[in-house]
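In what follows, a structure is listed as structure tokens, so that the remarks can point back to it.
Because the structure is a prediction, the values reported are computed rather than measured. Values below: every heavy atom of this structure, side chains too, minus hydrogens, waters and symmetry copies.
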Amino acid sequence: MMKLKLILPVADTPATRKANEGIPLALRTLDPETEVSVSFLKKGFEALNTITRIGYNSPGIAEAAVTAEKEGADGIFINCFADPAVDMARELVHVPVFGGFRSAMMAALGCGKRFAVMIPGKEDPAGTFLLNKVIENNPEFKDSIVRRDFTDLDVLELHDKEKLLERLAGFAEESACRYDCDCLILGCTAMSYIIDDLRAGLCRRGCRITVLEPLSTGLKMLESFVTLGLNNSTAHLVNNEMDQLIK
């Protein structure tokens with residue numbers, strides 16, 4: 001039986017539990033025999049929408065990844081579109097590790113060439129800066145992202161289904177018609193719950209843009225890597241990194 005670890009890289013609070021209620025829907029695409037265990041961080045911020053928050057939560061994410069491998073995980077998914085501590089975790093464990101951004105973009109390249117991305121929050125410099133940094137760290141996708149915008153809902157407000165649906169549908173339609181986008185990427189794993197309704201609504205509108213949701217996509221890609229015997233770990237490049245830690 002394959003064992004995957006889903007790390008929620010935020011503190012365990014009522015608000016973060018509410019934001020992650022869509023996880024069971026994202027697991028539908030996995031093989032029924034694949035076992036997925038889920039865990040929050042012991043402490044940290046509730047949302048990772050700034051460089052500072054990601055930096056503060058990253059040690060906890062890395063520790064959770066190391067623990068997951070020791071407990072027998074065959075692969076690890078860090079549940080955030082910004083890929084927090086993904087490279088750090090890959091340097092510490094010997095199993096494949098994915099986050100939301102790279103896995104979504106890799107899948108999108110198989111769907112088209114022009115992408116629209118919608119991330120949580122309102123038009124604010126911190127959110128824009130964070131997305132720019134993520135793209136800067138993955139330059140191979142830069143030219144494909146032709147449009148970006150905000151949901152006008154913060155991460156912990158994304159459960160407002162009616163408002164989120166309206167915002168996403170309008171953005172998707174405009175992106176397809178005016179910007180020739182062939183793929184809409186949901187820029188937050190907390191939007192996973194809305195994918196069926198969004199696709200159905202766009203179909204009724206006659207909008208055929210492909211909608212890609214990063215949580216289900218990333219988990220399925222992780223499962224495929226394990227099945228195919230592939231890996232993206234870079235632990236072989238360092239020598240017992242955690243043993244050098246000064247405590």
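For the side-chain hydrogen bond (donor to acceptor under 3.5 Å, both in side chains) condition, the pairs that include at least one residue of residues 154-164, sequence neighbours left out, are Lys161-Asp197. Residue pairs satisfying the salt bridge (charged side-chain N to carboxylate O under 4.0 Å, His left out) criterion with at least one member in residues 4-16, sequence neighbours excluded, are listed as follows: Asp12-Arg17. A salt bridge (charged side-chain N to carboxylate O under 4.0 Å, His left out) check over residues 37-59, counting only residues at least two apart or in different chains, returns nothing.
Here the CG-CE distance, from Leu198 to Met191, works out to 10.0 Å after rounding to the nearest 0.5 Å. Here the SG atom belonging to Cys183 is positioned 7.0 Å from the CD1 atom belonging to Ile209, to the nearest 0.5 angstrom. Atom OG of Ser144 sits about 12.0 Å away from atom CG of Asn138, to the nearest 0.5 Å. Remark: Arg114 CZ to Asp143 CG distance equals 11.0 Å, nearest 0.5 Å. Here CD1 of Ile54 is found 5.5 Å from CG of Leu48. Values are rounded to the nearest 0.5 Å. Rounding to the nearest 0.5 Å gives a distance of 5.5 Å between CG of Leu186 and CG of Leu184.
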Going through the distances and angles, do Asp87 and Asn137 end up as a side chain to side chain contact (heavy atoms under 4.5 Å, CB included)? CA-CA 11 Å; Asp87 288 326; Asn137 291 335; 5.9 Å; no
Please determine whether side chain to side chain donor-acceptor pair (under 3.5 Å) holds for the pair Arg167 and Thr151, giving the CA-CA distance in whole Å, both sets of side-chain angles, and the decisive distance to 0.1 Å. CA-CA 6 Å; Arg167 183 78 179 99; Thr151 59; over 6 Å; no
Show your reasoning for whether side chain to side chain contact (heavy atoms under 4.5 Å, CB included) applies to Phe81 and Ile185. CA-CA 10 Å; Phe81 186 68; Ile185 300 169; 3.9 Å; yes
Using side chain to side chain contact (heavy atoms under 4.5 Å, CB included), reason through Val66 and Glu71 one step at a time and then give a plain yes or no. CA-CA 9 Å; Val66 171; Glu71 293 176 347; over 6 Å; no
Check the pair Phe225 / Asn231 against side chain to side chain contact (heavy atoms under 4.5 Å, CB included), numbers first and verdict last. CA-CA 7 Å; Phe225 261 56; Asn231 207 331; 5.8 Å; no
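In this structure Phe171 satisfies the ring pair (Phe, Tyr, Trp, His ring centres under 6.0 Å) test with no other residue, sequence neighbours excluded. In terms of the salt bridge (Lys or Arg N to Asp or Glu O under 4.0 Å) criterion, residue partners of Glu173 (sequence neighbours excluded) are, by chain and number, Arg205. Tyr179 is linked by a ring pair (Phe, Tyr, Trp, His ring centres under 6.0 Å) to nothing, counting only residues two or more places apart in sequence or in another chain. Residues passing the salt bridge (Lys or Arg N to Asp or Glu O under 4.0 Å) test with Asp74, sequence neighbours excluded: none. Scored by the side-chain contact (heavy atoms from CB on, under 4.5 Å) test, Ala11 finds Thr13 as partners (sequence neighbours excluded). Applying the salt bridge (Lys or Arg N to Asp or Glu O under 4.0 Å) criterion to Arg178, with sequence neighbours excluded, gives Glu174. By the salt bridge (Lys or Arg N to Asp or Glu O under 4.0 Å) test, Asp180 is found to be paired with no residue, residues two or more places apart in sequence or in another chain being considered.
Residues Leu168 and Phe150 are members of separate hydrophobic clusters, defined by side-chain heavy-atom contacts under 4.5 angstrom among Ile, Leu, Val, Met, Phe, Trp and Tyr. With hydrophobic clusters built from ILVMFWY side chains whose heavy atoms lie under 4.5 angstrom apart, Leu130 does not share a cluster with Val155. One hydrophobic cluster, built from ILVMFWY side chains closer than 4.5 Å, holds both Val117 and Val134. Each of Ile119 and Val146 belongs to its own hydrophobic cluster when Ile, Leu, Val, Met, Phe, Trp and Tyr are linked at side-chain heavy-atom distances under 4.5 angstrom. Linking Ile, Leu, Val, Met, Phe, Trp and Tyr residues whenever their side-chain heavy atoms come within less than 4.5 Å leaves Val211 and Leu109 in two separate clusters.
Side chains of Phe40 and Ile7 form no contact here, defined as non-hydrogen atoms less than 4.5 Å apart. A 4.5 Å side-chain heavy-atom check between Cys188 and Leu158 finds at least one atom pair inside the cut-off. Here the side chains of Arg148 and Asn132 are in contact, with some heavy-atom distance below 4.5 Å. In this structure, the side chains of Met88 and Ile61 stay at 4.5 Å or more apart for every pair of heavy atoms. Side-chain atoms of Leu164 and Leu153, non-hydrogen and from C-beta on, do get closer than 4.5 Å to each other. With a 4.5 Å cut-off on side-chain heavy atoms, Phe77 and Met221 do not count as touching. Residues Asp83 and Ile78 are not in side-chain contact: their nearest non-hydrogen atoms beyond the backbone lie 4.5 Å or more apart. Side-chain contact between Arg208 and Cys203 is present, with heavy atoms from C-beta onward closer than 4.5 Å.
Nearest heavy-atom pair, Ala47 versus Val10, reported as atom, atom and distance to 0.1 Å: N-CG1, 4.1 Å. Across all their heavy atoms, Ala65 and Ile76 have their closest contact at O-CD1, 3.4 Å. Ala172 and Cys207 get closest at one heavy-atom pair: O-SG, 4.1 Å. Among all heavy-atom pairs drawn from Thr217 and Ala104, the shortest one is CG2-CA, 4.4 Å.
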Give the table of side-chain donor-acceptor pairs shorter than 3.5 Å for residues 20-36, with sequence neighbours excluded, one pair per line with atom names and distance.
unit_1 : atom_1 : unit_2 : atom_2 : d
Asn20  : OD1    : Asn79  : ND2    : 3.0
Asn20  : ND2    : Thr16  : O      : 2.7
Arg28  : NE     : Leu25  : O      : 2.8
Arg28  : NH1    : Asp196 : OD2    : 2.9
Arg28  : NH2    : Asp196 : OD1    : 3.4
Arg28  : NH2    : Asp196 : OD2    : 3.2
Asp31  : OD1    : Glu33  : N      : 2.7
Thr34  : OG1    : Glu223 : OE2    : 2.5

Counting only pairs under 3.5 Å, give me each side-chain donor-acceptor contact of residues 89-101, with atom names and distances, residues two or more places apart or in other chains.
unit_1 : atom_1 : unit_2 : atom_2 : d
Arg90  : NE     : Val97  : O      : 2.9
Arg90  : NE     : Asn232 : OD1    : 3.4
Arg90  : NH2    : Val97  : O      : 2.8

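For the pair Asn49 (side chain) and Gly121 (backbone), a donor-acceptor distance under 3.5 Å is absent. Panel note: side chain Arg147, backbone Phe115; no donor-acceptor pair is recorded below 3.5 Å.
Annotation for Glu166: atom CD does not count as buried by contact number, only 12 or fewer foreign heavy atoms lying within 6.0 Å. Counting heavy atoms of neighbouring residues, nucleotides and ligands inside a 6.0 Å radius, atom NZ of Lys122 exceeds 12 of them.
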